[in-house]
Amino acid sequence: MQQQVPIRNYVVFFISVFALTIGWSSLKPRLFPEPAKPGAFWPVDAPRADQAVLVARMIAAGNAADAVAQSAIGPIPGRAALSPWPYQTASRNEQDQAVVRMVASQIGDSSAGPALLAAAVHLNNKVIARHAAAAQPAQEFTLGGPGQHLTATLTTQGAGVRELILNDFPAADKYGLPVTKDGKPMPVTLLPRVEGVAPAFSIFHYSRPDDDKERPLDTLGQLKWTVVKNDAPREMVFAADVPEFGLRVIKTFTLKPGEYHLGLTVRIERTGAGNGTKFRYQLAGGRALPIEGEWYATTFRNTMVGLLSKSGSLYRLWNDNVSLSRLGGSDRYRRDDKKLLYAAVAVQYFASAIAVDDLDAEGKKLPGDKTGFLEFVRATVEGTTDPKLPMLDDVTVRAIAEPVDPTADAPVEHRYVLYHGPVKVRQLQRLPGSDAVAPELVERYADSLQLASLTDYGNFGLWTDVIIKFTNLIHRLLGWLHAVFPAGISIMLVTVIVRGMMFPISRRQAASMQKMQEKMQKLGPEMKEIEKKYKDDFLMKQQAQRELYRKHNVNPAAGLGGCLMLFMQMPIFMGLYFALQESVFFRLDSFLWIRNLAAPDMLAWWGESIPWISKPDGLGGFLYLGPYFNLLPVVGAVLIFMQQKLSMPAEMSEEQRQQASIMKYMTGVMAIMFYRVPAGLSLYFICSSIWGLTERKLVKKMLANEAAKPVPPKQKSQQQQAPGKLAAWWAQVLRDASKK
């Protein structure tokens with residue numbers, strides 16, 4: 001008899017193999033370190049003198065105006081022409097440090113030649129001097145401010161936006177609670193300061209404009225630009241020279257009263273002979289947009305790109321930061337035969353967008369060939385990433401213009417609208433009093449610049465159009481009600497209006513279900529007999545039950561609810577959901593104990609130390625509920641359970657009991673899934689459930705009264721006219737619904 005090997009031996013074997021594999025993977029790099037691999041661009045096989053020449057040539061390629069360096073540079077026999085220093089492989093600071101190290105390694109080598117060594121020392125000193133200049137603090141200027149919608153802080157570093165504040169909207173923290181200072185609400189800082197990086201809307205240019213796949217140089221983004229005109233708080237003009245191209249780049253920022261955008265004009269002028277090479281630049285977008293309510297948010301940081309075809313069809317390309325973090329960025333969205341309209345970064349309620357301006361400086365419409373200069377757009381991940389919490393990673397958009405070749409008498413000018421405001425741009429129409437925005441400006445944002453597609457867009461044809469229409473309808477309805485009533489009451493009134501409009505149909509549906517339950521109750525004894533008789537034969541039991549239903553004209557599916565009401569209410573449910581997700585007017589609006597109707601009700605704090613439930617590292621998990629106990633979702637789940645319980649017939653078949661059991665479990669699952677929904681949406685579900693329970697009792701009473709009345713004999717008047725086609729169709733729909 002063959003002896004069996006104990007299972008524990010297999011377990012020990014696999015654990016040992018696993019431990020050895022892990023241990024070897026950890027020890028191998030230490031025991032047998034791989035030799036450092038030189039960069040592919042550096043010819044390590046060249047003599048030291050040739051390497052010294054190569055260092056100087058590459059440095060000089062990025063400093064074409066340096067006469068001392070150029071005079072010491074000679075050709076290397078047998079070697080092809082060298083490209084400029086490969087900026088795409090490292091940051092500017094890292095490149096400069098590498099230059100200093102390589103140059104220093106050649107100093108003292110007599111074979112390099114005195115002239116070349118002098119040039120190396122000279123260039124080394126230039127690098128040090130440039131770093132000293134870069135260490136000087138940048139100047140800052142403010143556009144807008146109190147009394148205007150925006151406050152933008154501009155900086156000479158990169159001639160970009162260091163910070164941007166939305167003055168008319170209060171800020172919320174990572175828990176979704178108001179941010180206050182000295183008891184006063186603080187405004188939303190849409191573009192916060194991020195130290196150590198180029199500011200938002202910086203420009204970066206390419207060393208080889210014909211190759212748009214390489215990374216651009218960060219020279220213009222790190223450079224301290226010259227202030228050409230200071231007309232703050234309305235206008236600022238900055239300029240920077242690009243000597244290797246013989247060009248000057250001028251950036252003009254404007255902010256007019258009443259506007260939710262910065263105007264940006266990029267003007268490229270020819271200042272020297274140059275070499276005829278075209279110039280290509282990249283305009284970086286906003287970054288570090290704040291995520292409010294991290295623990296309950298379903299929308300984090302998204303990027304969107306809008307394109308318009310020649311036929312007038314609009315395309316919106318959307319990416320969330322989780323997918324961008326996983327893929328390392330988006331595809332390169334090229335214009336091809338379309339026109340790139342905008343590139344935006346958006347959080348749940350607000351957006352920062354680069355849009356191509358369609359008007360000139362005098363407000364006149366620009367021709368199409370003046371607005372199609374963007375060649376492609378790409379979304380990128382910024383800063384450090386967290387593999388465990390990718391939804392918190394930062395992203396931005398980068399718009400790349402087509403190569404241009406300005407002449408001395410024909411500069412090139414590109415105009416942009418840098419929009420900053422609600423992601424649902426039409427909500428600007430509802431701002432009251434001094435915060436009001438001109439209707440024509442809102443229409444320009446929404447229609448001319450196509451920024452309405454930031455939210456009102458989808459790929460499901462007619463269904464998408466229906467949802468968008470209902471969402472906008474709910475926005476308007478909530479706006480009208482909110483002008484008179486508190487926000488919480490407005491949501492309740494929406495429930496009453498919606499359910500009241502549906503009452504004629506829902507009453508018939510409820511009556512149909514009530515009648516079906518009564519029939520099922522009468523069939524209870526016969527159902528039990530069938531189950532007892534065919535308990536071991538499932539097919540015969542099903543057939544017998546169907547015959548019984550057919551005999552007594554019973555549709556058991558109607559007992560679990562028909563689909564007519566669900567289908568009719570679906571656009572309204574989804575419209576309300578999206579409206580509450582987009583509305584900047586219900587966020588941070590309080591009601592009862594609720595401090596933010598756009599967030600969960602947060603009745604009580606239970607901490608952030610419960611594993612899987614409230615610890616921050618559980619964010620994104622199915623069981624993660626957050627650091628607060630929310631009462632409204634629990635109340636809503638209980639009411640839904642009560643509705644389901646009351647809608648079930650007293651006598652049910654085995655299949656119906658199974659379905660009822662599944663629905664109980666599904667109620668629990670839905671309670672977890674909807675635990676972190678906005679309190680405003682929970683209010684709607686609670687009010688709708690209470691309406692349904694009340695309606696059920698009312699219908700039951702109505703049926704009892706109808707049953708008690710004597711039925712009069714039917715008499716047909718000679719003058720009665722036949723119903724019209726529409727009335728006949730509607731009557732047939734109601735009859736069909738009552739049979740379900």
Side-chain angles (χ1 to χ4, degrees), residues 62 64 84-85 87-88 91-92 154-161 197-226 228 236-253 262-272 274-287 305 329 332-335 339-343 353-357 369-380 382 396-407 410-418:
W85 183 260
Y87 288 88
Q88 66 269 28
S91 69
R92 186 64 180 267
L154 308 184
T155 172
T156 53
Q157 180 190 343
V161 178
V197 300
F201 310 111
S202 294
I203 279 180
F204 309 97
H205 73 287
Y206 292 80
S207 62
R208 293 189 296 273
D210 57 326
D211 185 1
D212 60 11
K213 293 184 180 180
E214 72 168 4
R215 287 179 58 183
L217 314 182
D218 67 349
T219 309
L220 293 176
Q222 300 296 334
L223 185 68
K224 303 296 192 307
W225 289 50
T226 302
V228 176
M236 288 295 303
V237 183
F238 303 91
D241 291 327
V242 190
E244 60 268 34
F245 286 91
L247 297 174
R248 169 170 290 183
V249 182
I250 301 173
K251 296 175 69 175
T252 302
F253 289 91
L262 298 174
L264 171 61
T265 302
V266 177
R267 183 182 176 89
I268 306 167
E269 299 178 345
R270 180 70 66 186
T271 58
N275 55 7
T277 304
K278 292 185 177 181
F279 180 81
R280 181 197 293 273
Y281 72 87
Q282 173 195 102
L283 178 63
R287 58 175 298 180
V305 178
R332 300 167 72 251
Y333 298 124
R334 301 190 65 90
R335 64 185 177 188
K339 181 187 294 185
L340 280 162
L341 300 177
Y342 65 79
I354 300 172
V356 177
D357 200 345
D369 59 346
K370 297 290 186 180
T371 60
F373 52 81
L374 288 184
E375 188 165 0
F376 67 91
V377 171
R378 186 170 184 263
T380 58
E382 303 297 313
T396 192
V397 288
R398 298 180 182 274
I400 292 82
E402 62 188 5
V404 298
D405 187 11
T407 61
V412 174
E413 190 171 275
H414 294 162
R415 298 178 60 82
Y416 297 92
V417 169
L418 307 181

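Throughout, numbering of the chain's residues begins at 1 and tracks the sequence. Here the structure is a predicted model, which means the values were calculated and not measured.
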Practice problem: Verify the distance criterion only: is there a donor paired with an acceptor across the side chains of E269 and T271 at less than 3.5 Å? | Solution: no
Self-check item: Closest non-hydrogen atom pair between G286 and T396, with its separation
Solution: O-OG1, 2.7 Å
Self-check item: CA sep, side-chain torsions, deciding dist, call: F279, V249, side-chain contact (heavy atoms from CB on, under 4.5 Å)
Solution: CA-CA 11 Å; F279 180 81; V249 182; 4.1 Å; yes
Quiz item: Which heavy atom of L154 sits nearest a heavy atom of V161, and at what distance?
Solution: CD2-CG2, 3.6 Å
Quiz item: Given the rule in the side-chain contact (heavy atoms from CB on, under 4.5 Å) test, do D357 and T371 qualify, once you have shown the distances and angles that lead to the verdict?
Solution: CA-CA 7 Å; D357 200 345; T371 60; over 6 Å; no
Exercise. Decide yes or no for T407 and R270: does some side-chain heavy atom of the first lie under 4.5 Å from some side-chain heavy atom of the second?
Key: no
Quiz prompt | Point-to-point distance, once rounded to the nearest 0.5 Å, from CG of L247 to NE2 of H205 | solution = 9.0 Å
Practice problem: First locate atom CD1 of I250, then atom CZ of F238, and finally report the distance between them rounded to the nearest 0.5 Å. | Solution: 12.5 Å
Self-check item: Test side-chain contact (heavy atoms from CB on, under 4.5 Å) applied to E413 and R415, step by step
Solution: CA-CA 7 Å; E413 190 171 275; R415 298 178 60 82; 4.3 Å; yes
Self-check item: Gap between atom CG of L262 and atom CD1 of I354 - 0.5 Å precision
Solution: 11.5 Å
Quiz item: At their closest point, which heavy atom of P403 faces which heavy atom of R280, and how far apart are they?
Solution: CG-NH2, 3.1 Å
Quiz item: ring pair (Phe, Tyr, Trp, His ring centres under 6.0 Å) with F253: which residues, sequence neighbours excluded?
Solution: none
Self-check item: Sidechain-backbone polar pair: R398 side chain, V377 backbone, donor-acceptor under 3.5 Å
Solution: no
Practice problem: Ignoring hydrogens and angles, tell me if any N or O in the side chain of W225 forms a donor-acceptor pair with the backbone of L220 under 3.5 Å. | Solution: yes
Quiz item: Roughly how far, to the nearest 0.5 Å, is the CE atom of M236 from the OG1 atom of T156?
Solution: 9.0 Å
Quiz item: Taking all non-hydrogen atoms of both residues, which atom of P199 and which atom of G160 are closest, and how far apart?
Solution: CG-CA, 3.8 Å
Exercise. Mind checking salt bridge (Lys or Arg N to Asp or Glu O under 4.0 Å) for R378 and listing every partner two or more places apart, or none if nothing turns up?
Key: none
Quiz prompt | Point-to-point distance, once rounded to the nearest 0.5 Å, from NZ of K251 to CG of L264 | solution = 6.0 Å
Quiz item: Which class fits the ring pair H414 and Y281: parallel under 30°, tilted 30 to 60°, perpendicular over 60°?
Solution: tilted
Self-check item: Over 12 foreign heavy atoms within 6.0 Å of CZ, R287
Solution: yes
Quiz prompt | Separation of K278 NZ from F245 CZ (nearest 0.5 Å) | solution = 13.0 Å
Quiz prompt | Contacts of type ring pair (Phe, Tyr, Trp, His ring centres under 6.0 Å), residue Y416, not counting sequence neighbours | solution = F373
Self-check item: Flag if over 12 foreign heavy atoms under 6.0 Å of NZ, K370
Solution: no
Quiz item: Does a salt bridge link R334 with E375, judged by any charged N lying under 4.0 Å from a carboxylate O?
Solution: yes
Exercise. Please step through side-chain contact (heavy atoms from CB on, under 4.5 Å) for the pair V404 and I268, ending with a clear verdict.
Key: CA-CA 9 Å; V404 298; I268 306 167; 3.8 Å; yes
